[in-house]
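The structure under discussion appears below in the form of structure tokens.
These values consider heavy atoms only, across backbone and side chains, with no hydrogens, waters or symmetry-generated copies. The sequence lines fix the lettering, A, B, ..., with proteins before strands; numbering per chain opens at 1.
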Amino acid sequence: MSNLEETKPSLNFIEQIIEEDLSQGKHAGRVHTRFPPEPNGFLHIGHAKAITVNFELAQKYGGLTNLRMDDTNPSTEKTSYVENIKNDIKWLGFEWNGEVLYASDYFGKLYEFAIKLIKAGLAYVDDSTPEEIAEMKGEPTVPGKESPYRTRSIEENLDLFQRMKTGEFEDGARVLRAKVDMSSPNMHMRDPILYRIKHETHHRTGDDWCIYPMYDFAHGQSDSIEGITHSLCSLEFRHHRPLYDWFIEKLEIFPSRQIEFARMNVAYMITSKRKLLRLVDGGHVTGWDDPRMPTIAGMRRRGYPANAIREFCRRAGVAKRDNLIEIELLEYAVRNELNKIANRVMAVLDPVKVVITNYPEGQTEYLSIDNNPEDPDAGSREVPFSREIYIERGDFMEDPPRKFFRMGPGRNVRLKGAYILHCEDFVKDDAGTITEIHCTYYSDSKSGEDTSGVKAKGTLHWVSVEHAAKAEVRQYDRLFSVAEPTKEEDKDYLELLNPNSLEILDNVYVEPGLVNAKPGEQLQFMRKGYYCVDQESTAEHPVFNLTVSLKDSWAKSQKK
RNA sequence: UGCCCUGUAGCACAAUGGUAGUGCACCGGACUUUGACUCCGGCUAUAUCAGUUCGAUUCUGAUCAGGGCAUCCA
């Protein structure tokens, strides 16, 4: 292989299908996908994956993606969810084709499709009760029985279906079914229900209808109406595909193609709508946007950048096997993105006071510190330095081991952007807690103009006691203590909540400039982690959420 | 015990009828005014058994394992 030869880009199986279609000139080279949420809940990490796959696939091949609300069941859907969904998708950075679409826009068309099927002798009105229908459906290993109403005349079916529509019958009295094959090994082909009667007000069509199409009769036809070329869905719809294709064939409509891929599962996260709801209702989290929630809203509030979520979805890949993505991959993507965009600041989470005994009392110096070494355009800021500072309690050891590159009696250590300190002494209270550390500084060791020749292995972050602002910090950790809380045999997932998923620190000191940080702003607390300003934060009471901690190989090595 | 889908390192995704590669994770090292970042190196895999073939991870069959399918949900 020559050096000039490029390595072949590896394609996932959907891309392979698309490229094959393209090479055959199918659909005139058009690629059109769709994201079809039900407007009955909040979008979560699993949706983010589906959104990313659909939008980016279309993008890659110069195509479009529709946003279609799959609102065929009036019982569960609400308009209020629609706005949230739109907002989340926009926040993720995707733009859908044209206006938001609704499956309910096609109710008229779908009704005509049903009539067409009836006229072709391929659909019939069934008067059986739900129990009878279930009974006649048989079992996977046992063929079903044909309904006694299956042989009704086309005229009678037409009449009955018309009367279903006009509201003559009670909920559940009758259904419209496709006439396919009651002995099919595929349960979905055993005369699936097309329409059911529901005298309910729909969030968009109001009381125009009292019959509503089922998923199988609405989804594929909606795809077809919209000219969707590649209709991506999750694996459990594999069995629906023959039906999807059956409708296309019998109705003679645009041949959208359904392609199934495995939904993404993420360790320590759950995505079941009902289970998430129990977390909210049970007060185990503060709401749908609790930073511990796997919802888009929660991740946004946690400080996960949209770019990182998309990158994570990309890296998780697309295939057909069941998967459990390690949360480390998500955290990697988040750190990777934040490393590029987050300004560095100093915050002391667990403070202990240091007095620099040879520094003039009452003096304040403003030291210029780079905002982000990774980004030359990020500029710098002035940070006040004075005789008394706070450092992290964990950055001092009374009797440190050799490899501890931090502060200890008789040792030198650099203060980030400031001077090198020499630790002289420390003060303990009766309980043995260190209350104060005494140091001297090398006045010629100022950052950037150090002529002291003094060596200091470690660098600490700090804030000036006099100038620091007090803040609240919310330390978030994974919501569950096991990777797959819903797969535990004898335990309810609520028993597996991580008791330490939130720890509130209320004795935190931050650089004075941070009181002006705006909600949503993302920062790196040097040597600690990435944080974002919470929406509840104010100048008087700044609140920061831990997005993800920095890697800490020292702490890791200490655990061994 | 019917049908369908899926088995490649700890996790995920590639590849090819002819050397199994990438990312994350992990381990080691370099660098470092963030024990971060970055850089360098290392680690471990084709479920099993047969068949076809000069050669199989790839094709075929069987076995095993995991998942899915019987809402008037989507």
Side-chain angles (χ1 to χ4, degrees), chain A residues 7-12 36-38 40 70-73 75-76 103 126 128-130 133-134 137-144 171-177 184-188 190 193-198 211-212 214-216 218-219 233-242 260 262 264 267 273 312 314-333 335-336 339-340 344 346 369-370 373-374 403-406 413-418 420 445 447-448 450 456-461 483 524-529 549-557:
Chain A
T7 51
K8 276 186 240 161
S10 73
L11 302 176
N12 67 48
E38 291 174 74
N40 70 350
D70 215 342
D71 57 351
T72 57
N73 186 349
S75 318
T76 55
D126 195 334
S128 308
T129 65
I133 288 177
K137 205 138 211 189
E139 280 174 45
T141 54
V142 181
D171 283 10
R174 288 182 162 84
V175 291
L176 183 73
R177 299 178 74 177
S184 170
N186 181 346
M187 299 296 287
H188 295 278
R190 322 246 263 225
I193 293 170
L194 270 28
Y195 269 92
R196 76 280 216 189
I197 300 171
K198 268 180 186 268
I211 54 171
Y212 292 95
M214 299 290 290
Y215 167 84
D216 282 308
H219 197 98
C233 61
S234 50
L235 253 28
E236 71 258 34
F237 290 98
R238 173 65 186 83
H239 307 267
H240 297 247
R241 194 165 80 211
E260 312 87 21
M264 178 178 73
K273 224 171 270 178
F312 167 64
R314 264 179 232 127
R315 285 173 182 264
V318 174
K320 296 178 84 161
R321 28 179 143 147
D322 295 329
N323 60 74
L324 180 68
I325 313 293
E326 292 175 335
I327 199 150
E328 285 81 358
L329 186 63
L330 211 205
E331 294 179 340
Y332 164 81
R335 287 191 188 102
N336 199 32
N339 180 46
K340 289 185 274 188
R344 275 62 169 168
M346 294 192 286
I369 300 181
D370 283 347
E374 304 282 330
K403 282 195 184 162
F404 187 76
F405 303 151
R406 305 177 187 182
V413 69
R414 159 76 64 185
L415 292 181
K416 176 68 189 179
I420 295 176
S445 67
S447 185
D450 184 355
K457 178 75 179 164
T459 302
L460 306 187
H461 60 282
Q524 185 198 95
F525 286 178
M526 294 196 81
R527 304 207 306 132
K528 282 294 167 187
S549 65
L550 249 28
K551 283 208 201 171
D552 189 347
S553 59
W554 167 248
K556 187 185 270 187
S557 69

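- Across the protein-nucleic acid pair, Ile325(A) atom CD1 and A25(B) atom P stand 14 Å apart, rounded to whole Å.
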- [ ] Please report the C-alpha distance between Lys528(A) and Ser549(A) in whole Å, then the side-chain angles of each, then the deciding distance to 0.1 Å, and finally whether the side chain to side chain donor-acceptor pair (under 3.5 Å) criterion is met.
- [x] CA-CA 6 Å; Lys528(A) 282 294 167 187; Ser549(A) 65; over 6 Å; no

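- Whole-Å rounding puts the Glu326(A) CD to A9(B) C1' distance at 12 Å.
- Taking the ring-ring contact (aromatic ring centres under 6.0 Å, His included) definition, one finds that His461(A) meets it with nothing, sequence neighbours left out.
- Under a 4.0 Å N-O distance rule, the pair Arg527(A)/Asp552(A) does not qualify as a salt bridge.
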- [ ] Would you check, one step at a time, whether the test side-chain contact (heavy atoms from CB on, under 4.5 Å) holds for Asp70(A) with Tyr215(A)?
- [x] CA-CA 8 Å; Asp70(A) 215 342; Tyr215(A) 167 84; 4.2 Å; yes

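- Spacing between atom CG of Asn12(A) and atom C1' of A15(B) amounts to 14 Å, rounded to whole angstrom units.
- Looking only at distances, no side-chain donor or acceptor of Arg335(A) sits under 3.5 Å from a matching main-chain atom of Asn339(A).
- Pairs of Watson-Crick or G-U wobble type, with distances under 3.5 Å, assemble into runs of 3 or more in RNA chain B at these ranges: B:2-7 with B:64-69, B:10-13 with B:21-24, B:26-30 with B:38-42, B:47-51 with B:59-63.
- Counting non-hydrogen atoms under 4.0 angstrom, Leu324(A) reaches the backbone sugars and phosphates but no base.
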I'd like a table of atom pairs between the protein and nucleotides 19-23 of chain B - only N or O on both sides, under 3.5 Å - with the distance next to each one.
unit_1, atom_1, unit_2, atom_2, d
G23(B), O2', Arg315(A), NH1, 2.5

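- Side-chain atoms of Ile369(A) and Arg344(A), non-hydrogen and from C-beta on, never get closer than 4.5 Å to each other.
- Note on Val318(A): only backbone sugar-phosphate atoms sit closer than 4.0 angstrom, heavy atoms only; bases stay farther off.
- Distances shorter than 4.0 Å separate none of the side-chain N or O atoms of Arg314(A) from OP1 or OP2 on C13(B).
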Task: Under 4.0 Å protein heavy-atom contacts per nucleotide of nucleotides 29-35 of chain B, with B for base, S for backbone only and - for none - done: ----BBB

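- Each of Thr141(A) and Gly317(A) was matched to the nucleotide of RNA chain B holding its nearest heavy atom; the match closer to the 5' end belongs to Thr141(A).
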Open item on the list: Counting primed atoms plus P, OP1 and OP2 as sugar-phosphate and everything else as base, spell out the protein contacts along nucleotides 67-74 of chain B at 4.0 Å heavy-atom distance: B, S or - for each nucleotide, 5' to 3'.
Closed with: SBSB-BSB

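- The interatomic distance linking Met264(A) (CE) with C24(B) (P) rounds to 18 Å, in whole Å.
- A donor-acceptor contact under 3.5 angstrom links the side chains of Ser234(A) and Glu236(A), judged on distance only.
- Regarding Leu330(A), its CG atom lies at a distance of 18 Å from the P atom of C11(B), rounded to whole Å.
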Task: Worked verdict on Lys273(A) versus Glu38(A) for salt bridge (Lys or Arg N to Asp or Glu O under 4.0 Å) - done: CA-CA 11 Å; Lys273(A) 224 171 270 178; Glu38(A) 291 174 74; 3.7 Å; yes

TODO: Heavy atoms under 4.0 Å is the rule here; annotate nucleotides 42-47 of chain B 5' to 3' with B where the base is hit, S where only the sugar-phosphate is, and - elsewhere.
DONE: ------

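- For the pair Asn323(A) CG and U8(B) C1', the computed distance is 15 Å after rounding to whole Å.
- With hydrogens and angles left out, the side-chain atoms of Asn186(A) and His239(A) include no donor and acceptor closer than 3.5 Å.
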- [ ] Take Met214(A) and Val175(A), measure what side-chain contact (heavy atoms from CB on, under 4.5 Å) needs, and give me the verdict at the end.
- [x] CA-CA 10 Å; Met214(A) 299 290 290; Val175(A) 291; over 6 Å; no

